[in-house]
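Below is one structure, written out as structure tokens, with a few remarks after it.
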Amino acid sequence: MHVPDGFLDAPTSAATGAVAVAVVGVALVKARRELDDRTAPMAGLVAAFIFAVQMLNFPVGAGTSGHLIGGALAAVLVGPWTGVLCVSVVLLVQALLFADGGITALGTNIVLMAITTVLVGWVVFRLLQLVLPKRLSLTPAQAGVGAFVSVPLAASVFVVLYALGGTADIPFDTLLTAMFGVHTLIGIGEGVITGLAVGAIIAVRPDLVYGARPVLVQRELVIKKSVVG
Amino acid sequence: MGAGHGHKLHFHGHSPVHRAPAHLKVLALLAFAVVVVATPRDAYALFAAYAVLLGVVIGVSRVPPTYLLKRTVVELPFVVFAVLLPFVATGPQTEVLGIGVSQHGLEAGIALLVKGTLGVLASLTLAATTEPQDLLVGLERLRVPQQLVQIMAFMVRYLDVVGGEMQRMRVARESRGFSARDPRHWPVLARSAGALFIRSYERGERVHLAMLSRGYTGRMPAEDSRPGVSGP
């Protein structure tokens, strides 16, 4: 669901555009710290991955299906700033080459889907990681909770933007209740799938998961005695 | 990997719209969309003028209108929203076909449809007439940060590779008799997503090493001549 042209009025679109430019600018500087000179190829490939995973349909039952937004997933896998960059580039490519999301709404889409979901997902994930015992087995669940929280929060940001610059007068609390309710359900799917995907990656290459690194360094090499005898 | 020219929306052609510099096309699209969005919603004559203008550009581009119209389905979710608007918005009531609806909601719904459709059609025209490679050069001329353009270049270049990888995983799953029907099948799909990430990430590492071995220093060489692009 990308916001098209004309959904929000021009001043709101311009304001979100300015916010998006500022945050993506910060992300460009910070991502270099996460990835150094690997930034361009790595972030490019991760962006291609996010784009592909958004096309992976998860059946909900009764013939309907949904797909990931992938913001929180990107944050946990490659770090928050690289995540913001990757999802922003995905949205830019979708707007310019796939006509998905209006070009005047690009700032709004970046604020909602690249900035809010990635940063909220990351903050929740990190908080849980700091509070809970430092165990690798908890990382997928923490990522899942981060993803779950990020979706209704992004929907709420949308409702606030709509209240500021929407083109029809829908009562604020009606829209908020509807959007929050629907997106809590969507968030459950996003959370479960993000958790499962992070778990699958940790089982194979835990070193690739950026969010798992603080937990990983505490592991020691254990040499077990052979049980074959 | 073969040259990254051509993508799903691109419609090959040699019209003036195809040949126009990409940065001008992006600016034109942005200007057009801003004007459309900023137009008051009851100025129907103006919207008709915009539609005519867009129609002329599409006509000059020689892209079949049906080709574009078929692809406007991306805005479908918002059509649903626009149709619902008259029923959920507040304000003075009016009657359409004997059903009481909100006057503001009705106007807003129509405006949303009109503006959204104009925007989607204009974006589709850009996408149909611009090669991704030209678009990247255009964005660079528009002073989009080099780093961002580079990330975008890598994404566009490997989009089909990663997408193809996902497609092959799907074929492999289905040839083993798997079909996803409900949430019980999520773990399998999530593992596929995980495998896709690992493959993409490792490919990124290999690409980076291959670039380093060819003298990559963090900047791409200036790309003004693009041999081989004028393929069939």
Side-chain angles (χ1 to χ4, degrees), chain A residues 1-2 4-7 9-10 13 24-25 28 37-49 51-53 55-61 68 77 85-86 89-90 92-93 95-100 102-104 167-171 174 189 192-193 196-201 204-205 208, chain B residues 7 9 29-30 33-34 36-38 74-75 77-78 85 88-91 104-105 108 111-112 115-116 119-120 123-124 126-127 132 135 145 147-148 150-152 154-156 158-159 162-163 166 180-183 185-187 189-191 193-194 196-198 200-201 203-204 207-208 211 218:
Chain A
M1 284 280 268
H2 294 49
D5 287 315
F7 208 73
D9 62 14
S13 302
V24 171
L28 273 173
D37 73 327
R38 298 182 303 153
T39 308
M42 295 311 299
L45 261 299
V46 173
F49 160 73
F51 185 89
V53 99
M55 294 192 297
L56 188 61
N57 276 317
F58 286 85
V60 186
L68 279 182
L77 292 180
L85 270 191
C86 293
V89 169
V90 169
L92 185 62
V93 169
L96 289 177
L97 290 180
F98 292 87
D100 199 359
I103 190 164
T104 59
T167 44
D169 35 4
I170 302 175
T174 319
V192 171
I193 294 159
L196 287 171
V198 170
I201 296 163
V204 187
R205 287 288 304 270
L208 290 192
Chain B
H7 62 100
L9 278 179
L29 170 66
L30 187 62
V34 166
V36 168
V37 170
V74 288
E75 62 160 349
F78 282 88
L85 263 182
V88 294
T90 52
H104 286 167
L112 182 59
K115 289 180 178 182
V120 167
S123 304
L124 281 171
L126 173 77
L135 183 71
Q147 189 86 348
L148 206 60
Q150 265 193 50
I151 298 175
M152 213 174 139
F154 277 100
M155 179 194 162
V156 168
Y158 286 99
L159 206 54
V162 175
M166 195 174 73
R181 281 179 305 273
D182 56 64
H185 302 116
W186 286 4
L189 295 173
R191 271 197 291 278
L196 189 66
F197 172 73
I198 293 170
S200 307
Y201 198 94
R203 187 185 294 277
V207 168
H208 176 241
M211 285 163 58

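Residue numbers start from 1 in every chain, and the chains themselves are labelled A, B, ... in the order their sequence lines are given, proteins ahead of strands.
The CE atom of B:M166 sits 9.5 Å away from atom CZ of A:F51, with the distance rounded to the nearest 0.5 Å.
Closest approach of B:V162 to A:A52, counting heavy atoms only: CG1-CB, 3.8 Å. The two residues A:P41 and B:G204 have their closest heavy-atom pair at CB-O, 4.2 Å. Between A:T104 and B:A33, the shortest heavy-atom distance links the atoms CG2-CB, 3.4 Å.
Only the side chain of B:L135 comes within less than 4.5 Å of a heavy atom of chain A; its backbone N, CA, C and O stay farther away. With a threshold of 4.5 angstrom between heavy atoms, B:M152 approaches chain A through its backbone and through its side chain. In this structure, the portions of B:H208 lying under 4.5 Å from any heavy atom of chain A include both its backbone and its side chain. Only the side chain of A:V24 comes within contact range of chain B, with at least one heavy atom under 4.5 Å from a heavy atom of that chain. Interface remark: A:I193 contributes backbone and side-chain atoms alike to the contact with chain B (heavy atom separation under 4.5 Å).
Side-chain contact between A:L45 and B:Y201: absent, with no pair of heavy atoms (C-beta onward) separated by less than 4.5 Å. Side-chain atoms of A:F98 and A:H2, non-hydrogen and from C-beta on, never get closer than 4.5 Å to each other.
Looking only at distances, no side-chain donor or acceptor of A:D5 sits under 3.5 Å from a matching main-chain atom of B:K115.
Across A:L77, A:T174, A:L92, the residue that shares the most heavy-atom pairs under 4.5 angstrom with chain B is A:L77. When B:P145, B:A38, B:A193 are compared by the number of non-hydrogen pairs under 4.5 Å with chain A, B:A193 comes out ahead. With chain A as the partner, the residue from B:V36, B:L148, B:V207, B:V120 showing the most heavy-atom pairs under 4.5 Å is B:L148. When each of B:G119, B:A111, B:S200 is scored by its heavy-atom pairs under 4.5 Å with chain A, the top score falls to B:S200. Note on A:A200, A:P4, A:A10: by heavy-atom pairs under 4.5 Å with chain B, the leading option is A:P4.
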